[in-house]
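Note: hydrogens, waters and symmetry copies are ignored here, and every other heavy atom, side chains too, is used.
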Amino acid sequence: MNFQTQVPTAAVLGPALLIFALFALARRRGNIPGWRGGPLVLRAVAALYAAAVVSITIFPLWIYGGAYRNEAPWTGQIQPIPLLMADISMLPNVVMFVPLGFLLPLFSHRVTRGGTVVVCALASLGIELAQLLQYIALGHGRAVDINDLIANTLGGLLGYAALRTAQGTASTRAVLNKLSRSPSTV
């Protein structure tokens, strides 16, 4: 049987964001710490950012079967040699992870530069593995590239540096303290 179908982004991420909003509302009404004011705004921004990243990197999901299924071996989808094909196309991957590097230290004062790099690298690895599994399971997907992992991690590091630079002024630091769960972080 030959078929091809698409799972649209909004069909998955729309309900996921709605569930987050209902969860946040319940936590806010229950006076749970960290779910009012600035920390709630920070969580909402992080949820929207995560949804945007997933919509760019995973969706829409295309499912192919029969003659439409890509029969190329999955090993051909992997680019394991760093910087072999590096060019300006890496820039969107850098930009995509800048917000993650900026947001992470606002959630916890324990997040250091090294911790930011590790979290960004693991998040990027998760995306690349999801794209590979999408190719294997659904017969279609994006290429898995070590350059994406490098660019995403660099973006996270730049976001961390941007946060630390922004903290240099008292007015910006005051705003960031209002957003942060633990104002001593900033």
Side-chain angles (χ1 to χ4, degrees), residues 4-17 19-20 42-65 68-108 110-167 179:
Q4 60 182 0
T5 189
Q6 177 188 25
V7 178
T9 306
V12 177
L13 294 183
L17 286 172
I19 289 168
F20 170 79
L42 181 65
R43 290 173 191 267
V45 166
L48 290 172
Y49 166 72
V53 169
V54 170
S55 75
I56 291 168
T57 59
I58 305 297
F59 287 95
L61 285 175
W62 283 96
I63 303 170
Y64 293 94
Y68 295 115
R69 188 170 179 82
N70 190 341
E71 295 297 329
W74 64 268
T75 54
Q77 291 297 107
I78 301 173
Q79 170 49 274
I81 302 171
L83 307 175
L84 180 65
M85 304 286 287
D87 59 10
I88 194 72
S89 68
M90 289 177 67
L91 189 59
N93 285 61
V94 172
V95 171
M96 181 172 63
F97 266 57
V98 168
L100 181 59
F102 192 92
L103 291 171
L104 282 174
L106 295 176
F107 278 103
S108 173
R110 293 177 290 206
V111 176
T112 62
R113 180 180 54 211
T116 299
V117 167
V118 168
V119 169
C120 290
L122 289 174
S124 181
L125 180 63
I127 290 168
E128 296 302 314
L129 289 174
Q131 290 174 344
L132 180 61
L133 289 174
Q134 181 180 351
Y135 183 84
I136 293 169
L138 305 178
H140 178 70
R142 295 177 171 94
V144 176
D145 193 343
I146 188 70
N147 293 331
D148 292 349
L149 189 118
I150 293 167
N152 292 341
T153 304
L154 176 62
L157 186 58
L158 291 174
Y160 181 88
L163 173 66
R164 294 304 181 212
T165 301
Q167 293 170 333
L179 288 175

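- Contact annotation: the side chain of T153 never approaches that of F97 to less than 4.5 Å [non-hydrogen atoms, C-beta and beyond].
- The heavy-atom pair separating V53 from M96 by the smallest distance is CG2-CG, 3.9 Å.
- Annotation for Y160 and V111: closest pair CE1-O, 4.1 Å, computed over non-hydrogen atoms.
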Inset, instruction - Go through I146 and L149 one step at a time and tell me if the side-chain contact (heavy atoms from CB on, under 4.5 Å) criterion holds. - result: CA-CA 5 Å; I146 188 70; L149 189 118; 4.1 Å; yes

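- Contact record, A47 with L17: O-CD2, 3.9 Å, taken as the closest heavy-atom pair.
- The closest side-chain heavy-atom distance from I81 to Q79 is below 4.5 Å.
- For the atom pair CE of M90 and CG of D148, the computed distance is 7.5 Å after rounding to the nearest 0.5 Å.
- In this structure, F107 and L42 have side chains that are in contact, with non-hydrogen atoms separated by less than 4.5 Å.
- The nearest pair of heavy atoms linking L157 to R113 is CD1-CG, 3.4 Å.
- Within the model, atoms CG of L103 and OG1 of T116 stand 10.5 Å from one another, a figure rounded to the nearest 0.5 Å.
- Listed for the S124 side chain is no donor-acceptor partner under 3.5 Å among the backbone atoms of C120.
- Separating the CG atom in L122 from the CG atom in N152 is a distance of 12.0 Å, to the nearest 0.5 Å.
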Below 3.5 Å, can you tabulate the donor-acceptor pairs from side chains in residues 127-134 to any protein atom, sequence neighbours excluded?
from: E128; atom 1: OE1; to: D145; atom 2: N; distance (Å): 3.1
from: Q131; atom 1: NE2; to: T57; atom 2: O; distance (Å): 2.8

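- Between F59 and V7 the shortest heavy-atom distance is CD2-O, 3.9 Å.
- Looking at every heavy atom in both residues, A151 comes nearest to N93 through CB-CB, 3.6 Å.
- Remark: V119 engages L104 in a side-chain contact (heavy atoms from CB on, under 4.5 Å) (not counting sequence neighbours).
- Here the straight-line distance linking atom CG of L61 with atom CD of Q6 works out to 8.5 Å at 0.5 Å rounding.
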